[in-house]
> 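Just dropping this structure here.
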Number of protein chains: 2
Amino acid sequence: MPRRPSLTHLQLASAALDVVDRDGLAGLTMRAVAAQLGVSTMGLYRYVQDRDELEELVVETVLGEIDTDPPGPGDAASWREQLTVMARRLRDTVGTHPSTVPLALTRRYRSTAIMRWSETVLAILAGAGIDGERRVIALRSLLAYAIGAIQLEHLGGPSGLDALATVPSSAVSSEFPFLADSAAAAAGVTRDDEFVGGVALLLDGLTP
Amino acid sequence: MPRRPSLTHLQLASAALDVVDRDGLAGLTMRAVAAQLGVSTMGLYRYVQDRDELEELVVETVLGEIDTDPPGPGDAASWREQLTVMARRLRDTVGTHPSTVPLALTRRYRSTAIMRWSETVLAILAGAGIDGERRVIALRSLLAYAIGAIQLEHLGGPSGLDALATVPSSAVSSEFPFLADSAAAAAGVTRDDEFVGGVALLLDGLTP
DNA sequence: CACCGTAGGCGTACAGGGTACGCCTACCAG
DNA sequence: CTGGTAGGCGTACCCTGTACGCCTACGGTG
């Protein structure tokens, strides 16, 4: 069995991640990644079937950085706090590589990292006495909320709140009075407040 | 001012939407849309700056189909029911064109359709006596949840619940016991239950 | 130590894709 | 009838992803 492979999947993934972080998602090209590695373009196809598989690798790498250990009772006493920590970890980790957000969230992925995250969340929910279908819905809701919130945060809030806060044109104000009003109120809400606030709503809903 | 434009933006948009619904997102090509309209490829650039703008047009068309009239008291008496109706409308409309989901959710859009939706939601929230920053967070949370849920639904649940439900391999079961258990419980939960269940959690959180 | 089969490595080439550019042509004012 | 204006589009270019086939390094065998 002559000639060992000279690259590892991990090298591939982090090279690709470097490219994305530097040149944005549009810059993620087989040629660019190959150049980053000092390898010929086609060399990549030794390690990856497809450009698709390369993207999957990037996503897995990013998601793999999520700390999925159960939050120790030291860090967070109540299950509410523990779930908040988990949600934050997901958001903060993905937020470290903003350009990969569309990738991570659009891709049809069956990520083991997300499965580990889900497993820990389910364990916390179980500890809170939430079971059966109720627990299924809780997990999906938390995940759905986190995904959507990350997206809104990084792709420019389509609610228009941010934009309206900076440019409250009177035309907009008259057609969307509530939106204009909310834009003003939104000025006092940080991204973090917003994210954690939404998590709190869900958790309130879970609390009997 | 000789020669009127022979196409309207609406024609462009619906041709593009036809292409997407037929050939999937990958089939959305300047050439394909042009062919659909019986026009030369470059003809499209009379109406659209960019492929990007074409995609925006598609997104706006889909989102424009959302009914953003306030749900009449006839349809839904309580504000909870009204908000549920609004969330459902968003989800159901986007679900009509599944291929556009990555587009609608990935794109950095400042959609007037979403603004109209937001305005109506804010009005309902105001009617429920929810004001100020609390209302901002409520809107963002509902929107974030809806976006994430739509995504999970159409891009293959990354929680793996669906996959696990059909293939509960023992290896997975032992490594992810809670996930395996939840997969079984998930079998009894329909997509609709799941979506509305998450909305209910948020609304419970909003109810004092 | 020579050799050769095997499997990794990569250069070339091609089929799409987006779009810049410039000519052609239909229309309307005079 | 005619000239100018602005829409319409064919051509051509560059940039992707990737199929294909040669080249080369290695390690077991004689």
Side-chain angles (χ1 to χ4, degrees), chain A residues 1-61 99-100 102-104 106-109, chain B residues 1-61 99-100 102-104 106-109:
Chain A
M1 200 178 304
R3 218 146 167 209
R4 286 310 132 96
S6 50
L7 294 164
T8 66
H9 271 204
L10 198 133
Q11 281 176 297
L12 256 212
S14 64
L17 198 50
D18 284 351
V19 170
V20 170
D21 285 339
R22 176 163 28 87
D23 302 333
L25 193 50
L28 183 62
T29 292
M30 299 306 273
R31 286 169 171 82
V33 175
Q36 175 80 20
L37 287 165
V39 165
S40 89
T41 305
M42 292 312 287
L44 299 182
Y45 287 88
R46 279 282 149 205
Y47 305 95
V48 130
Q49 190 105 33
D50 224 86
R51 179 217 164 95
D52 222 64
E53 207 175 305
L54 181 77
E55 294 186 354
E56 225 165 272
L57 224 52
V58 172
V59 171
E60 261 312 293
T61 303
S99 296
T100 68
L103 223 55
T106 285
R107 187 142 302 283
R108 177 182 277 97
Y109 54 105
Chain B
M1 200 180 302
R3 217 147 168 207
R4 288 309 132 95
S6 50
L7 265 50
T8 68
H9 271 204
L10 199 135
Q11 281 176 297
L12 257 211
S14 65
L17 197 50
D18 284 351
V19 171
V20 170
D21 286 340
R22 176 162 30 86
D23 303 332
L25 193 51
L28 183 63
T29 292
M30 300 306 273
R31 287 167 171 82
V33 174
Q36 174 80 19
L37 287 165
V39 164
S40 89
T41 305
M42 292 311 287
L44 299 183
Y45 287 88
R46 278 284 150 201
Y47 305 95
V48 131
Q49 190 105 33
D50 224 87
R51 180 218 162 95
D52 223 63
E53 206 176 304
L54 180 78
E55 294 186 353
E56 223 165 272
L57 224 53
V58 172
V59 170
E60 260 312 293
T61 304
S99 296
T100 68
L103 224 52
T106 285
R107 188 141 303 282
R108 176 182 276 100
Y109 53 106

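These numbers come from the heavy atoms of this one structure, side chains and all, not from hydrogens, waters or symmetry mates. As the structure is a computational prediction, the values presented were derived from the model and not from experiment. All chains are named by letter (A, B, ...) in the order of the sequence lines, taking the proteins before the strands, and each is independently numbered beginning at 1.
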> Give the rounded distance in Å between these two atoms: CG of B:Asp50 and P of C:dG18.
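Checked: the CG to P distance equals 11 Å.
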
> In chain order, what residues pass the side-chain contact (heavy atoms from CB on, under 4.5 Å) check against A:Val39, with sequence neighbours excluded?
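Expected list: A:Leu7, A:Leu37.
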
> In whole angstroms, how far is the P atom of C:dT19 from the CG atom of B:Asp52?
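Between P of C:dT19 and CG of B:Asp52: 8 Å.
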
> To the nearest 0.5 Å, what is the distance between CG (A:Asp23) and CG (A:Leu28)?
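A:Asp23 atom CG to A:Leu28 atom CG measures 9.5 Å (nearest 0.5 Å).
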
> Rounded to the nearest Å, what distance is computed from the NE2 atom of residue B:His9 to the C1' atom of nucleotide D:dG7?
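My rounded result for the distance is 14 Å.
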
> Compare side-chain N and O positions of A:Ser40 against OP1 and OP2 of C:dG9 and report whether any pair is under 4.0 Å apart.
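For C:dG9, neither OP1 nor OP2 has a side-chain N or O of A:Ser40 closer than 4.0 Å.
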
> If you check the B:Arg46 side chain, which of D:dC20, C:dT19, D:dC9 turns out closest?
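Of D:dC20, C:dT19, D:dC9, D:dC9 is nearest to the side chain of B:Arg46.
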
> How long is the span from the OH atom in A:Tyr47 to the CD atom in A:Gln11, to the nearest 0.5 Å?
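If I round to the nearest 0.5 Å, the distance is 8.0 Å.
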
> Starting at CG of A:Leu25, measure out to CD of A:Glu55 and round the result to the nearest 0.5 Å.
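Spacing of CG (A:Leu25) from CD (A:Glu55) equals 7.0 Å.
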
> If you look at every strand shown and take non-hydrogen atoms under 4.0 Å, does B:Arg51 touch a base, only sugar-phosphate, or nothing?
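If one applies the 4.0 Å heavy-atom cut-off, B:Arg51 turns out to touch the sugar-phosphate alone, with no base involved.
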
> Closer to the 5' end of DNA chain C via nearest nucleotide, is it A:Gly38 or A:Arg31?
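Mapping each residue to its closest nucleotide by heavy atoms, the 5'-most match is A:Gly38.
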
> Applying side-chain contact (heavy atoms from CB on, under 4.5 Å) between A:Val33 and each of A:Leu54, A:Thr41, A:Val20, report the one that passes.
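Going through A:Leu54, A:Thr41, A:Val20 one by one, the side-chain contact (heavy atoms from CB on, under 4.5 Å) with A:Val33 is satisfied by A:Leu54 alone.
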
> Rounding to 10 degrees, work out the angle separating the end axes of the helix from C:dC1-D:dG30 to C:dG30-D:dC1 (five pairs an end).
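The value is 20°.
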
> Check the distance between D:dT16's P and A:Glu55's CD and give it to me in whole angstrom.
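Whole-Å distance recorded here is 14 Å.
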
> OP1 or OP2 of C:dG9 sitting under 4.0 Å from any side-chain N/O of A:Tyr47?
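Yes, because at least one side-chain N or O of A:Tyr47 sits under 4.0 Å from OP1 or OP2 of C:dG9.
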
> Output the single nucleotide from C:dC21, C:dG18, D:dG8 whose closest atom is nearest the side chain of B:Thr29.
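When the side chain of B:Thr29 is considered, C:dG18 is the closest of C:dC21, C:dG18, D:dG8.
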
> Once you round it to whole Å, what is the distance between P of D:dG8 and CG of B:Leu7?
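For the pair B:Leu7 CG and D:dG8 P, the rounded distance is 8 Å.
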
> To the nearest Å, how far apart are A:Leu37 CG and C:dG9 C1'?
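Rounded to the whole Å, the gap is 14 Å.
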
> Any idea which of D:dC9, D:dG17, C:dG18 is nearest the A:Met30 side chain?
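The answer is D:dG17, which lies nearest to the side chain.
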
> Could you state the atom-to-atom distance from OH of B:Tyr45 to P of C:dG22 in whole Å?
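These atoms are roughly 17 Å apart.
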
> Under the salt bridge (charged side-chain N to carboxylate O under 4.0 Å, His left out) rule, collect the residues that match up with B:Asp52, sequence neighbours excluded.
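Partners of B:Asp52 by the salt bridge (charged side-chain N to carboxylate O under 4.0 Å, His left out) criterion, ordered by chain and then number, come out as B:Arg107.
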
> Mind calculating the distance between CE (B:Met42) and P (C:dA20) to the nearest angstrom?
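Those two atoms, CE and P, are 7 Å apart.
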
> If you round to the nearest 0.5 Å, how far is OG1 of A:Thr61 from NE2 of A:His9?
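A:His9 NE2 to A:Thr61 OG1: 10.5 Å, rounded to 0.5 Å.
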
